Amino acid sequence: MSNHGASDVLHSTQIVIEQALLRLGYDQTIIDFLKEPMRLLCVRIPVRMDDGTTKVFTGYRSQHNDAVGPTKGGVRFHPDVTENEVKALSIWMSLKCGIADLPYGGGKGGVICDPRTMSFRELERLSRGYVRAISQIVGPNKDIPAPDVMTNSQIMAWMMDEYSRIREFDSPGFITGKPLVLGGSKGRETATARGVVIMIHEALRLKGIAMKNARIVIQGFGNAGSYLAKFMHEAGARVIAISDVHGALYNEEGLDIEYLLDRRDSFGNVTNLFPKSISNAELLELECDVLVPAAIENQITEHNAPNVRAAIVVEAANGPTTLEATKILTDRGILLIPDVLASSGGVIVSYFEWVQNNQGYYWDEQEVDDKLKVMMIRGFEHVYEIHRTRKVDMRLAAYMAGVRKMAEAVRFRGWV
Ligand SMILES: NC(=O)C1=CN([C@@H]2O[C@H](COP(=O)(O)OP(=O)(O)OC[C@H]3O[C@@H](n4cnc5c(N)ncnc54)[C@H](O)[C@@H]3O)[C@@H](O)[C@H]2O)C=CC1
Ligand SMILES: O=C(O)CCC(=O)C(=O)O
């Protein structure tokens with residue numbers, strides 16, 4: 001997998017944060033404060049490998065700002081993780097929490113590694129080592145990790161167990177995205193995709209396009225992309241293309257999603273089992289009603305944005321569209337539902353999981369889904385209203401909605 005331009009994502013985020021705060025009437029001091037995470041830890045994690053050697057991994061935990069409450073956000077295991085990427089991801093988490101009005105600031109972690117080449121036990125030792133390395137700055141009321149790219153409920157379970165051992169009492173509220181038997185929430189596994197579906201419903205309604213037979217193209221077939229394909233198929237839409245890191249599959253009549261779900265591996269790989277019809281680059285330029293990037297950063301750029309032939313782009317991934325591409329899509333009248341709004345279903349249900357852990361009382365899946373829907377639609381309406389009344393693009397509108405509460409909290413606390 002190629003490097004996807006991590007330093008750019010931090011810089012572009014800072015540009016939009018600054019624009020948002022200026023539009024909201026904040027001064028340079030708050031801008032300087034919120035443009036960077038308030039805390040960033042870089043750790044070295046020695047891990048005993050199965051062959052008896054010890055390998056040292058590098059990891060990060062970035063805490064953007066905790067004025068609103070504890071910081072919250074996933075941990076990514078990926079070879080291309082960088083300090084700047086983790087910093088940007090933590091800022092995006094703040095914006096997601098702000099839009100959804102959760103009592104959190106943003107945090108994010110990452111470890112430079114490739115889980116696809118590691119054994120189960122090596123992954124366990126790495127997960128536990130990461131928690132030992134960051135244990136001083138995390139905790140149920142400090143900073144609460146969760147899954148992200150190439151991490152899952154098993155990794156959350158090891159991390160929770162390690163943290164509980166260090167603190168010497170069971171701490172389910174330390175991390176979310178856990179297996180159900182360890183205090184996970186019903187609906188967390190599917191939450192990111194469920195949230196994206198709700199956004200697609202809203203966007204189709206605005207564009208006057210029916211869900212039935214709407215043509216959907218999805219890049220990425222992992223946690224976010226594969227469940228999304230399933231839910232869109234169940235809703236009567238036509239998923240005409242999907243992809244993973246190896247390439248893309250395309251069928252204008254609609255793909256057999258059930259079959260693909262059945263064949264995909266735990267890293268979201270499936271296209272390697274079939275003769276590929278098209279490339280990832282071609283997938284992004286297919287004519288469709290809704291294009292959903294659900295893989296990694298910087299996929300829609302100034303180079304391919306003029307060729308995007310979708311009525312709606314819904315960003316399930318974090319940072320899939322550059323700022324230049326955002327402008328091109330907006331100018332072309334394509335409705336863009338930005339990442340910090342569209343992919344907030346995961347952290348919203350993580351919040352529900354944390355609430356359930358704190359109260360020791362667990363909800364059924366319908367209750368989770370109903371509450372998620374209310375919060376996603378409220379977020380959408382808020383962002384769309386800012387976009388309409390302040391005449392700013394959807395990304396800037398989302399940043400304005402997302403950063404306001406944090407800026408207010410910083411001011412009330414008297415920090416700047
Ligand atoms: N899992 C979650 O709860 C949330 C995930 N997200 C974001 O959604 C995106 C996907 O995350 P997950 O589905 O959890 O990851 P995952 O690790 O489960 O799946 C990633 C998918 O993207 C594919 N992929 C990787 N590199 C690619 C490339 N260069 N071109 C095309 N496909 C590629 C992989 O093959 C895999 O199918 C990420 O940006 C993540 O930050 C956002 C909110 C929550
Ligand atoms: O569930 C969470 O707390 C965070 C999910 C996440 O990392 C994200 O939204 O990018």
Side-chain angles (χ1 to χ4, degrees), residues 1-5 9 62 70-81 85-86 88-97 99-100 102 104-110 114-116 143-153 155-156 175-178 184-185 187-196 218-229 241-248 260 264-272 279-281 283-284 292-299 314-321 339-354:
M1 203 179 307
S2 62
N3 188 312
H4 36 261
V9 290
S62 170
T71 45
K72 177 100 191 76
V75 181
R76 176 173 290 205
F77 281 3
H78 195 284
D80 292 344
V81 163
E85 179 189 47
V86 175
L89 284 159
S90 71
I91 298 176
W92 293 334
M93 286 313 305
S94 285
L95 298 168
K96 291 185 200 195
C97 295
I99 293 171
L102 307 181
Y104 296 137
K108 198 87 181 198
D114 192 345
R116 291 164 297 192
D143 182 12
I144 306 132
D148 189 61
V149 173
M150 286 203 270
T151 54
N152 56 27
S153 59
I155 290 174
M156 299 305 108
I175 205 162
T176 60
K178 299 177 293 293
S185 176
R188 173 59 185 90
E189 173 94 8
T190 51
T192 308
R194 285 253 181 250
V196 175
I218 303 171
Q219 183 193 39
F221 209 61
N223 172 277
S226 68
Y227 281 120
L228 177 66
I242 61 107
S243 75
D244 60 23
V245 66
H246 305 290
L260 295 175
R264 80 169 194 124
D265 71 14
S266 61
F267 295 111
N269 295 314
V270 71
T271 70
N272 47 329
S279 67
N280 259 292
L283 169 136
L284 296 170
V292 186
I296 51 160
E297 288 101 81
N298 291 340
Q299 295 302 294
V314 182
E315 296 179 332
N318 284 300
T321 313
D339 47 6
V340 292
L341 168 63
S343 74
S344 59
V347 70
I348 291 175
V349 176
S350 276
Y351 165 61
F352 297 161
E353 182 171 329
W354 180 77

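This structure is a prediction, so every number in the text was calculated from the model and none was measured. For ligands, and for the atoms within them, numbers begin at 1 and follow the listed sequence.
Side-chain contact check for Val9 versus Asn318: every heavy-atom pair is 4.5 Å or farther apart. At a threshold of 4.5 Å between non-hydrogen side-chain atoms, the residues Thr176 and Tyr351 do not count as touching. The closest side-chain heavy-atom distance from Phe267 to Pro115 is below 4.5 Å. Using a 4.5 Å heavy-atom threshold, the side chains of Asp143 and Pro70 count as separate. Residues Ile99 and Lys96 have side chains not in contact (no heavy-atom distance under 4.5 Å, counting atoms from C-beta outward). Contact annotation: the side chain of Leu260 approaches that of Phe221 to within less than 4.5 Å [non-hydrogen atoms, C-beta and beyond]. Side-chain contact between His246 and Ser279 is absent, with no heavy-atom pair separated by less than 4.5 Å. Taking 4.5 Å as the limit, every side-chain heavy atom of Thr151 sits out of range of all side-chain heavy atoms of Arg76.
For ligand 2 and Ser350, the ligand atoms under 4.0 Å from any heavy atom of the residue are 1 (O), 2 (C), 3 (O). Close contacts of ligand 1 with Lys96, meaning ligand atoms under 4.0 Å from a residue heavy atom, involve 42 (C), 43 (C). Residue-ligand proximity, Gly268 to ligand 1, at heavy-atom distances under 4.0 Å covers atoms 35 (O), 36 (C), 37 (O). Taking every non-hydrogen atom of Lys72 and a distance limit under 4.0 Å, the qualifying atoms of ligand 2 come out as 2 (C), 3 (O). Of all the atoms in ligand 1, the ones that sit under 4.0 Å from a non-hydrogen atom of Asn280 are 30 (N), 31 (C). When each atom of ligand 1 is checked for a heavy atom of Asp244 under 4.0 Å away, the hits are 31 (C), 32 (N), 33 (C), 35 (O), 37 (O). Atoms of ligand 2 lying under 4.0 Å from any heavy atom of Gly74, numbered from 1 in the order shown and given with element: 4 (C), 6 (C), 7 (O). Ligand-side atoms of ligand 1 in range of Asn269: 35 (O), range being under 4.0 angstrom from any heavy atom.
Between the CD1 atom of Ile175 and the CD1 atom of Ile144 there is a distance of 10.0 Å, given to the nearest 0.5 Å. To the nearest 0.5 Å, atoms CG (Leu228) and OG1 (Thr190) are separated by 11.5 Å. In this structure, CG in Asp339 is found 9.0 Å from CG in Leu341, a value given to the nearest 0.5 Å. Atom OG1 of Thr321 sits about 9.0 Å away from atom CG of Asn298, to the nearest 0.5 Å.
The N/O atoms of Gly220, backbone and side chain alike, include none that comes under 3.5 Å of an N/O atom in ligand 1. Here's the thing with Arg188: one of its N/O atoms is less than 3.5 angstrom from an N/O atom of ligand 1. Considering backbone and side-chain N/O atoms, Met150 comes within less than 3.5 Å of an N/O atom of ligand 1. Of the N or O atoms in Asn223, one or more lie within a sub-3.5 Å distance of an N or O in ligand 1. Checked against a 3.5 angstrom limit, the closest N/O atoms of Phe221 and ligand 1 fall inside it. Checked against a 3.5 angstrom limit, the closest N/O atoms of Gly225 and ligand 1 fall outside it. Of the polar atoms of Ala146, none of the N or O atoms is found under 3.5 Å from an N or O of ligand 2, judged by distance alone. For Ala224, a nitrogen or oxygen atom sits less than 3.5 Å from a nitrogen or oxygen atom of ligand 1, counting backbone and side chain alike.
The closest approach between Arg76 and ligand 1 falls below 4.0 Å for a heavy atom of the residue. Under the 4.0 angstrom criterion for non-hydrogen atoms, Glu297 is not in contact with ligand 1. Contact annotation: Gly346 has at least one heavy atom less than 4.0 Å from an atom of ligand 2. Ligand 1 does not have His246 within reach: every non-hydrogen atom of the residue lies 4.0 Å or more from it.
Taking each of Ser266, Gly73, Ser343 in turn, the one with a heavy atom nearest to atom 43 (C) of ligand 1 proves to be Ser343. For atom 4 (C) of ligand 1, the candidate residues are Ile348, Thr192, Asn318; the nearest heavy-atom contact is made by Thr192. Comparing Ala294, Pro115, Ser350, Gly222 by heavy-atom distance to atom 10 (C) of ligand 1, the nearest is Ala294.
Applying the salt bridge (Lys or Arg N to Asp or Glu O under 4.0 Å) test to Asp244 and every residue at least two apart in sequence or in another chain returns nothing. Applying the side chain to side chain donor-acceptor pair (under 3.5 Å) rule to Ser344 yields no partners; only residues at least two apart in sequence or on another chain are considered.
The single protein non-hydrogen atom nearest to atom 5 (C) of ligand 2 is Arg188 NH2, 3.9 Å, given as residue, atom name and distance. Among protein heavy atoms, the minimum distance from atom 7 (O) of ligand 2 is reached at Lys108 NZ, 2.7 Å. Closest to atom 9 (O) of ligand 2 among all protein heavy atoms lies Lys96 NZ, 2.8 Å.
Contact annotation: for Asn318 versus ligand 2, heavy atoms closer than 4.0 Å belong to the side chain alone. With a heavy-atom cut-off of 4.0 Å, Val245 touches ligand 1 through backbone and side chain alike. Neither the backbone nor the side chain of Pro320 comes within contact range of ligand 1; no heavy atom lies under 4.0 Å.
Under the 3.5 Å distance criterion, the side-chain polar atoms of Arg264 are left unmatched by any main-chain donor or acceptor of Ser226.
Remark: of the listed residues Glu315, Glu297, Gln219, Glu315 is the sole one forming a side-chain contact (heavy atoms from CB on, under 4.5 Å) with Pro320.
Salt-bridge formation is detected for the pair Asp148/Lys108: a Lys NZ or Arg NE/NH1/NH2 atom is positioned less than 4.0 Å from an Asp or Glu carboxylate oxygen.
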